[in-house]
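What you see below is based on every heavy atom in this structure, not just the backbone, and it leaves out hydrogens, waters and symmetry mates.
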Amino acid sequence: MMTYDPENIFAKILRGDIPNDTVYESDHSLAFNDIAPQAPMHVLVIPKGAYVDHADFSANASPEELTDFHRTVATVIQRSGADAAGFRTISNAGEHGMQEVPHFHLHILAGKVMGPLLAS
């Protein structure tokens with residue numbers, strides 16, 4: 001498992017060191033547009049707490065953080081209209097999952113047909 005690096009880009013965004021294009025913010029979560037979108041809609045949702053990946057977040061976040069995060073995801077999807085035609089959510093973890101930033105984040109992608117999840 002990766003270790004949390006407080007100098008990762010998402011930690012810097014949360015501290016206000018790096019600007020972002022905020023889509024939605026709640027008490028425990030931040031949603032913002034990806035700087036290199038892979039679909040017409042590509043939003044990242046991150047918890048404000050220092051969690052490395054989904055497993056870390058699920059095991060160690062408070063009930064309030066867990067609820068807030070998932071409600072933030074639902075709010076972003078509903079407000080964007082992505083739920084009408086469909087969307088994909090992705091969370092990468094570790095080396096095999098191709099995780100690049102050691103801060104848990106969920107990608108919400110929508111606006112086009114994504115194709116199969118994995119190519120053989």
pair Phe32-Val43: side-chain heavy atoms closer than 4.5 Å
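Sidechains of Val43 and Phe32: no contact.
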
Practice problem: Would you kindly confirm whether Ile46 and Leu106 end up in one hydrophobic cluster when ILVMFWY residues are joined by side chain heavy atoms under 4.5 Å apart? | Solution: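 No, it is not one cluster - the side chains of Ile46 and Leu106 are not joined through contacts under 4.5 Å.
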
Atom pair [atom1] ([X]) and [atom2] ([Y]), whose distance is rounded to the nearest 0.5 Å:
X	Y	atom1	atom2	answer
Leu30	Leu14	CG	CG	6.0 Å
Gln38	Leu109	CD	CG	7.5 Å
His70	Ser29	NE2	OG	9.0 Å
His105	Leu44	NE2	CG	6.0 Å
Asn20	Ile35	CG	CD1	10.5 Å

* To do: Could you go through the side-chain contact (heavy atoms from CB on, under 4.5 Å) check for His107 and Asp34 one step at a time?
  => CA-CA 8 Å; His107 299 257; Asp34 193 294; 4.1 Å; yes

Exercise for the section: Identify the two heavy atoms, one from Ala110 and one from Ala39, that lie closest to each other, and give their separation to 0.1 Å. Expected result: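 Minimum heavy-atom contact is O-CB, 3.6 Å.
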
Notebook entry, point to check: How close do Glu7 and Arg15 get, heavy atom to heavy atom, and via which atoms?
Noted result: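 For Glu7 versus Arg15, the nearest heavy atoms are OE1-NH2, 3.4 Å.
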
* Using a strict cut-off of less than 4.0 Å between a Lys/Arg side-chain nitrogen and an Asp/Glu carboxylate oxygen, indicate whether Glu25 and Lys48 qualify as a salt bridge. =>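 Counted as a salt bridge, because a side-chain N and a carboxylate O are separated by less than 4.0 Å.
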
Can a donor-acceptor pair be found, under 3.5 Å and without considering hydrogens, that links the side chain of [X] to the backbone of [Y]?
X	Y	answer
Ser80	Ala82	yes
His103	Pro47	yes
Asp17	Ile13	no
Asn8	Asp5	yes
Glu95	Met2	no

- With sequence neighbours excluded, residues passing side-chain hydrogen bond (donor to acceptor under 3.5 Å, both in side chains) with Asn33: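 Partners of Asn33 by the side-chain hydrogen bond (donor to acceptor under 3.5 Å, both in side chains) criterion, ordered by chain and then number, come out as Asp21.
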
For this output row, return yes or no: ring centroids of Phe104 and Tyr51 closer than 6.0 angstrom.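 Centroid separation for Phe104 and Tyr51: 6.0 Å or greater.
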
Using a 3.5 Å cut-off and no angle test, enumerate the donor-acceptor pairs between side-chain atoms of residues 71-79 and protein atoms at least two apart in sequence or in another chain.
residue : atom : partner : partner atom : Å
Thr72   : OG1  : Ser26   : OG           : 3.2
Thr72   : OG1  : Asp68   : O            : 2.8
Thr75   : OG1  : Arg71   : O            : 2.9

